[in-house]
Amino acid sequence: MAVCRILSCPWVSVVRLLNSCHLPSLYVQRCTYVDEYMKWKRDSYYETIDHIHQSVGLRPVITLKNCIVRGSSGCIPVSEVSKRQLQLEVPMKRVASFLRHYPSIFEEFAGEHNHPWFRLTPEALKLHKEEVTIYEEFKSDLIMRLKKLIMMSKDRVLPLKIIRGMQWYLGIPDEFLENVEENLPASFRVVEMGDKLQWLTVDSEDVVLSALQKNAIKRGLCQESLDVIKFPFYPSRGLRLRRKIANWLDEFQNLPYISPYQDFRNLDPNSDISEKRIVGVLHELLSLFVDHSAQRKTLLCLKKYLGLPQKFHKVFERHPHMFYLSFKNTRCTAILKEPHCHTSIIPEHPILKVRQKYMSLMKESHKIRKNRRINNQLAGKDTDITAAEENYGVGGEVHLS
């Protein structure tokens with residue numbers, strides 16, 4: 001239960017406790033961080049999590065799949081999407097080539113005037129129906145993830161274009177943002193802020209608990225302990241911190257915990273408490289995402305709205321026991337370690353398993369293309385042998401005319 005009302009919550013004492021916590025600005029705010037270089041250590045475990053590193057390639061596949069299912073009769077001519085390569089984030093120069101790259105998902109056939117058309121394969125169509133069912137069953141969970149993202153902002157309002165940029169990571173369907181009034185509760189409203197942009201806000205008096213706070217409650221921590229929640233550490237094998245940094249981290253863990261949903265405007269941005277809040281915000285943010293990871297550059301668009309400093313990305317480097325930075329495929333991906341460990345209580349995103357099935361279909365396409373190449377090569381050899389037999393005879397004798 002991610003959100004609880006004070007009147008109906010079974011954790012009434014906990015909610016009152018959270019409401020009675022000291023304001024962040026009342027804590028002693030000082031900066032003791034030791035600015036020493038920490039060498040990046042490669043961790044093969046996080047480098048080989050397929051659903052994280054293949055997510056970039058899956059995104060345009062899902063986008064094109066959605067275009068096809070929305071077409072009349074569940075198929076579209078290639079001309080309908082051929083000039084939308086940048087919009088669809090297709091990595092190839094031609095959209096048609098990208099569609100043909102995944103024959104296990106997209107089936108090509110000749111349409112009107114012999115133009116190429118595409119539809120989903122039976123396997124992909126079955127998977128799409130499963131995806132739609134999950135969106136319906138877990139609609140409240142997905143809405144809560146969107147609500148939490150908005151409630152982490154300064155004034156509980158975010159531009160719609162920013163939310164659309166986070167849509168893939170949150171795992172919410174296009175319909176949520178295309179028709180807000182119909183698909184989202186009445187507490188969500190589209191407003192205009194005078195900058196000619198549409199913003200999405202949420203009206204709520206609910207007390208929102210972060211993943212760390214819920215974990216602390218499950219562990220039965222007392223009132224004094226809830227004020228100082230320690231971050232879970234998951235050191236990579238072979239990672240050694242310098243003594244000064246290790247000592248600083250010990251002190252850092254004992255600092256008061258500032259919830260990502262708490263007012264932070266009076267915090268000194270250069271203090272250790274502010275840094276602990278930033279770590280908490282990034283922990284909560286990544287815990288909401290499907291893969292519990294995101295490209296580091298993608299998160300930059302949120303810094304203005306979530307109260308993050310200009311160089312907040314350095315927090316990932318300063319806290320290698322919580323976050324892992326992968327530079328695979330020439331991209332920098334920030335990964336939250338906790339959800340990928342057996343002791344984690346962060347729930348799996350409901351749409352993750354479906355995405356993994358799509359990735360399996362993508363791998364199947366590789367096998368299909370490989371078999372086609374082998375068959376084409378064999379067909380070419382058979383043609384050469386047949387031509388030789390016609391000229392020289394099957395038994396090797398030359399046919400004289």
Thinking salt bridges, do [X] and [Y] make one under a 4.0 Å N-O criterion?
X	Y	answer
Asp155	Arg265	yes
Lys357	Glu131	no
Asp272	Lys276	no

Measure the shortest side-chain to side-chain distance between [X] and [Y] over non-hydrogen atoms and say whether it is less than 4.5 angstrom.
X	Y	value
Thr333	Asp291	no
Tyr324	Glu47	yes
His349	Phe289	no
Leu64	Tyr102	no
Glu284	Leu306	no

How far apart are the C-alpha atoms of Leu300 and Gln295, what are their side-chain angles, what is the distance that settles it, and do they pass the side-chain contact (heavy atoms from CB on, under 4.5 Å) test? CA-CA 9 Å; Leu300 295 176; Gln295 288 190 50; over 6 Å; no
Please report the interatomic distance [atom1]([X]) to [atom2]([Y]), rounded to the nearest 0.5 Å.
X	Y	atom1	atom2	value
Ser97	Met92	OG	CE	7.0 Å
Gln167	Leu146	CD	CG	9.0 Å
Phe231	Met322	CZ	CE	5.0 Å
Arg372	Ser365	CZ	OG	8.5 Å

Check this for me: Gln310, atom CD, are more than 12 non-hydrogen atoms of other residues, nucleotides or ligands nearer than 6.0 Å? no
So that I know where these two stand, are His340 and Tyr45 an aromatic pair - ring centroids less than 6.0 Å apart? no
Under 3.5 Å donor-acceptor pairs involving side-chain atoms of residues 115-125, not counting sequence neighbours:
unit_1: Arg119; atom_1: NH2; unit_2: Glu107; atom_2: OE2; d: 3.2
unit_1: Thr121; atom_1: OG1; unit_2: Ser104; atom_2: O; d: 2.6
unit_1: Thr121; atom_1: OG1; unit_2: Glu123; atom_2: OE1; d: 3.4
unit_1: Thr121; atom_1: OG1; unit_2: Ala124; atom_2: N; d: 3.3

If we ignore hydrogens and angles and just use 3.5 Å, is the side chain of Lys41 paired with the main-chain N or O of Leu239 as donor and acceptor? no
Is the side chain of Asn371 donor-acceptor paired with the backbone N or O of Lys367 at a distance under 3.5 Å, no angle test? yes
